[in-house]
Amino acid sequence: MPRPTVAQLVYGSCTVILSTVAMLALSRTGSGIGVAVIALAALALGLLVAMTVPLPRTRPNRSATGPTPAEPARLSERRRPVGASAESVRGRAAS
């Protein structure tokens, strides 16, 4: 299981704190069971928010994966022999 990122921890913690304060203020509950239910709901909401934060994308290491299939094609394009049409253009430009 991957470790949570800093963004996930911050968003989850802020969600738990703010939702707990808001639900306690709106419900005006004073019983221990009411506070426990609100705290559990806030924890569930914080966990949901933390898990839905997009994870950063990592780039694959090019040296570890080797050349991509497009790279040999680009190399072969650079090494193409000069065609007859290019020779005639050079001849016209020189004269």
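Heavy atoms only: backbone and side chains are in, while hydrogens, waters and symmetry mates are out. This one's a predicted model, so the numbers in the text were calculated from it and none came from an experiment.
For Val16 against Ala42, the heavy-atom pair with the smallest separation is CG2-O, 3.5 Å. When all heavy atoms are compared, the tightest approach of Thr52 to Val49 is OG1-O, 3.0 Å. When all heavy atoms are compared, the tightest approach of Gln8 to Arg3 is OE1-O, 4.4 Å. Counting all heavy atoms, side chain and backbone alike, Ala50 lies closest to Gly12 at CB-CA, 4.1 Å.
Side chain of Ser13 to main chain of Val10: no donor-acceptor pair is present (N/O by atom type, distance under 3.5 Å, no hydrogens or angles).
Note that OG1 of Thr15 and CG of Leu43 are 11.0 Å apart. Values are rounded to the nearest 0.5 Å. Atom CD1 of Ile38 and atom OG of Ser31 lie 8.5 Å apart (nearest 0.5 Å). Atoms OG1 and CG, on Thr20 and Leu40 in that order, are 10.0 Å from each other to the nearest 0.5 Å.
Residues Met23 and Val35 are members of one and the same hydrophobic cluster, defined by side-chain heavy-atom contacts under 4.5 angstrom among Ile, Leu, Val, Met, Phe, Trp and Tyr.
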